[in-house]
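Report on the structure given below.
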Amino acid sequence: MMQKYTAAHWGAYEIHGVGDTTRLKPLPRDPHPSTIGEGWLDAVRDTNTRIARPAVREGWLKHRDRARSGDAAFVEVPWDEALDLAGDALKSVIETYGNQAIYAGSYGWSAAGRFHHAQSQMRRFLNTIGGFTGSVNTYSYAGAEVLWPHIVGQSNMHFQNDMTSWPVVAEECDLFVAFGGIAKRAAQVTSAGTTAHETQVWLDRAVARGCRVVNISPLGTDTETQTRAEWMAPRPGTDCALILALAFEVFRNGHANSDFLNRCTTGAQRFEDYVKGSDGIPKTSEWAAQICDVPAQDIRDLAHRMGTSKTMINMAWSMQRAEGGEITIWAGLCLACVLGQIGLPGTGFGYGYGSTESVGRPHKVYNWPSVPQGQNPIKDYIPVARVTDMLESPGGAYSYNGQARTYPDAKLVWWSGGNPFHHHQDLIRLDKAWRSPQTVVVMDHSWTATARRADIVLPTTSALERDDIMINRLETAMLYMSCAVSPYGQSRDDYDIFSDLSQRFGTQAAFSEGQSAEEWQHTLWQACQTAGSSQGIELPDWTSFKTQGLFDFSGTDRRQIQMEAFRKDPDTHRRATHSGRIEMESATIAAMQLDDCPASPEWRMPVESLCDAVHGQFHLLSGQPDTRLHSQNDTGGPSKRSKSQGREVCTVHPDAAKAHGVVDGDTVKLFNGRGACLAGVRISAHMRPDCISLPTGAWLDLREVDGEMMCVHGNPNVLTRDVGSTHLSQGNIAHSALVRMVKWDGELPEIRVHSLPRFVSAT
């Protein structure tokens, strides 16, 4: 029997056994298999959280009320009735308000398969019935998505794809400065899947050759032990000040590369004048030390080493998920320009090394086809992280990327393949705003916090319950994803659901084009064969590919050096910016006249900062966990075992623990003016004493306890701020929040979100 495979954003797996004996094994070629995958089957088999049948919220079914909450009762209904209700709700909104009143908020990592991609299927269907209001950018790196085109002339995707290849870094770099760290934890995942996790392999090779790694993060654990990284821990939110001081020292030491600055950048003089004090404040090490809480001598020493070493400056995605985050990563690029090593082997500027497995991969980028979505007749959109603002203020004005815009009036929200009540900020505020639309439809395989706040719930299959294709532009293989387990209950594929729904609009021919899911995948593969031939790859026929399951490419390695050609001849290889150069000062951004995003990087004190905070507050660090992808697989074994009495665990410094009278295994309440949550306690000295680390992803379990709304499960996003990073990108600022902590001595509330909701009869 031929080996069968499947894949997820956290890796590729061999399927062994059938039925109850099914198990998944990482591919033998994977040097660092993901912890997340160990809980995948557990989560799919968890009957306490899987959606078995279509369901409608009781209050909406009987009264069309909007009392959506995590404790609502549901009525299970037949598929035809559920689709009739969903179709009628869509038709009513379209006829009364127009298609722009539909907000299709499908956002999330969903599944890795190319065909059963929730967002693609949803958009294809809605485009056949007149379109929808959608969103732009991501929660992961919205600031970079808007900024990079202005200052480097590339989209975020292309800029990251063009990063210097890891083998070149491993062979040439002597000093790898990692703002935000670089850990296997984040590099576990790759959008569209991966057959091997190699980031740590390349980093280990660099270290073995003698490269020194500097982890600039409030967490000492943001690099792996074997990396033997030096650790510099600035106060959260102050990295921009640190970068400006490093630039000051590079200028003062005479290590600035004036040739590179003159030939390849614009605005260098303004940047230099600013760091030297054109505003009356020289950005010296002593100045930064007071802001960052880092010894001035350490800053001077690092700047000297940067100026005398082959240096790579890497900015993790997390750096721009903060107040003024665009300015911080821009400052990092400017520092790299001052050093002048951009375009040389193994040095320069990196964005996203370690934030995902794909950045720096030494493989050629291939363009593969995807499911055609059609054209959306509705041109309105919102920045993806501004959904609460939209729900609260229809018609309200806001600024985005130099445009004056207004929020649409969303009467119906359709969500597929994601869980905003995990990844959005200030979730108690979102919980209230979520009650404003007339109807909310959610498609998912599990009763997440978002599904529990829907009016109509349509159960979908998980990625393990269907066939698909793993196709990644930066991967050396394609993989046929075989169905590993039988679909749960009455769950159906997204494609089949939308195909049936399109019948109610008379658009099934346009949506399905007369093809089944299997036929669509065959068609998609034929398009891949055509694309492959044009790029030098001959793919096997469809039957052979399904049989062998895994097809490896050959000859796809590349030794890429970011901006190498541009450095050699910036006139011939102009950047697609206003000036044709790297913009250390942007005339385009200056013309926007934004009060929170200047024309060149400048230091701005965060609103919530311990520089002037009341004693007893902590910076909240809400990074990705090791045990799940965002909220996916929260019901899996690794995630559950990592918790304390069923609750997510926060990490606290010994000094903070002693001051608050807590020990390992205790439960604490974290709180601020936005909300509160309960969390278990783990004590570690490998962090700043003024920080608390609480990983994201615990399913929101929001309820009133002693008159206070709190998440009893430990979701940090009840505490985070829901404000745009700047008026340039309106990205999220999850990493800019202060909290307080008290020991919890009361009775521990039951965790309900990992159990089924209440079901009632229709009568």
Side-chain angles (χ1 to χ4, degrees), residues 32 159-160 162-187 197-234 239 242-243 246-247 249-250 255 257 294 298-319 328-329 331-362 559-564 686:
H32 293 286
F159 189 47
Q160 290 193 114
D162 286 350
M163 290 297 148
T164 298
S165 303
W166 264 119
V168 183
V169 176
E171 294 167 7
E172 300 288 347
C173 181
D174 292 331
L175 182 65
F176 191 99
V177 183
F179 284 91
I182 180 166
K184 282 195 304 182
R185 182 185 71 252
H197 296 84
E198 299 175 325
T199 294
Q200 190 63 44
V201 172
W202 294 114
L203 196 60
D204 290 347
R205 291 185 185 180
V207 171
R209 188 188 53 79
C211 177
R212 300 300 301 169
V213 177
V214 181
N215 170 30
I216 301 181
S217 167
L219 296 177
T221 54
D222 268 347
T223 53
E224 304 302 316
T225 303
Q226 69 266 29
T227 303
R228 302 191 298 277
E230 302 168 35
W231 179 29
M232 179 179 286
D239 295 87
L242 174 60
I243 291 168
L246 289 168
E249 296 296 342
V250 172
H255 293 149
N257 189 323
V294 172
D298 290 355
I299 300 174
R300 286 192 289 270
D301 290 346
L302 179 58
H304 178 77
R305 292 167 61 196
M306 284 180 168
T308 55
S309 303
K310 294 162 66 176
T311 301
M312 173 67 78
I313 296 173
N314 183 56
M315 310 293 287
W317 291 355
S318 60
M319 302 307 299
T328 300
I329 60 173
L333 176 63
C334 288
L335 175 58
C337 288
V338 173
L339 291 170
Q341 299 185 36
I342 292 173
L344 297 177
T347 64
F349 181 75
Y351 180 67
Y353 286 115
S355 294
T356 182
E357 173 60 34
S358 59
V359 176
R361 273 194 161 171
R559 289 179 57 85
Q560 176 171 277
I561 299 171
Q562 182 199 44
M563 299 195 200
E564 182 179 30
H686 300 289

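Counting only heavy atoms from C-beta outward, the side chains of Q560 and D162 approach each other to under 4.5 Å. In this structure, the side chains of R361 and W202 stay at 4.5 Å or more apart for every pair of heavy atoms. Put simply, the side chain of Q341 reaches to within 4.5 Å of the side chain of T311, judged on heavy atoms. Looking only at side-chain heavy atoms (C-beta outward), H255 and V338 stay at 4.5 Å or farther from each other. No side-chain heavy atom of L203 sits under 4.5 Å from any side-chain heavy atom of Q226. Between L175 and M306 there is a side-chain heavy-atom pair separated by less than 4.5 Å. Contact of the I299 side chain with the L246 side chain is registered, since non-hydrogen atoms from C-beta on lie closer than 4.5 Å.
Minimum heavy-atom separation, G348 to A336: O-CB, 3.8 Å. In plain terms, the two heavy atoms of A303 and V250 that are nearest each other are O-CG2, 4.1 Å. Of all the heavy atoms in C337 and I342, the pair that sits closest is SG-CD1, 3.9 Å. Nearest heavy atoms, P218 versus W231: O-CZ2, 3.5 Å. Heavy-atom minimum distance, I182 versus G354: CG1-CA, 3.8 Å. Taking each heavy atom of T223 and A229 in turn, the nearest pair found is OG1-CB, 3.5 Å.
H686 meets the ring-ring contact (aromatic ring centres under 6.0 Å, His included) test with no other residue; sequence neighbours excluded.
Within the model, atoms CD of E172 and CZ of R209 stand 7.0 Å from one another, a figure rounded to the nearest 0.5 Å. In this structure, CE on M232 lies 10.5 Å from CG on N215, to the nearest 0.5 angstrom. Atoms SG and CZ, from C173 and R212 in turn, are 12.0 Å apart once rounded to the nearest 0.5 Å. Annotation: the span from H197 atom NE2 to K184 atom NZ amounts to 10.0 Å, rounded to 0.5 Å. With rounding to the nearest 0.5 Å, the separation of NE2 in H32 from CD in E224 is 8.5 Å. Atoms CG and OG, on D239 and S217 in that order, are 8.5 Å from each other to the nearest 0.5 Å.
Screening Y353, Y351, W317 against Q160 for a side-chain hydrogen bond (donor to acceptor under 3.5 Å, both in side chains) leaves a single residue, W317. Each of I329, L335, I216, L333 was scored for a side chain to side chain contact (heavy atoms under 4.5 Å, CB included) with M315, with one residue passing: I329.
Between the T164 side chain and the G346 main chain, no donor and acceptor come within less than 3.5 Å of each other. Formation of a donor-acceptor pair under 3.5 Å by the E357 side chain with backbone atoms of E198 is found in this model.
In summary, D222 and R185 engage in a salt bridge, as defined by a charged side-chain N under 4.0 Å from a carboxylate O.
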TODO: Show your reasoning for whether side chain to side chain contact (heavy atoms under 4.5 Å, CB included) applies to T328 and F179.
DONE: CA-CA 10 Å; T328 300; F179 284 91; over 6 Å; no
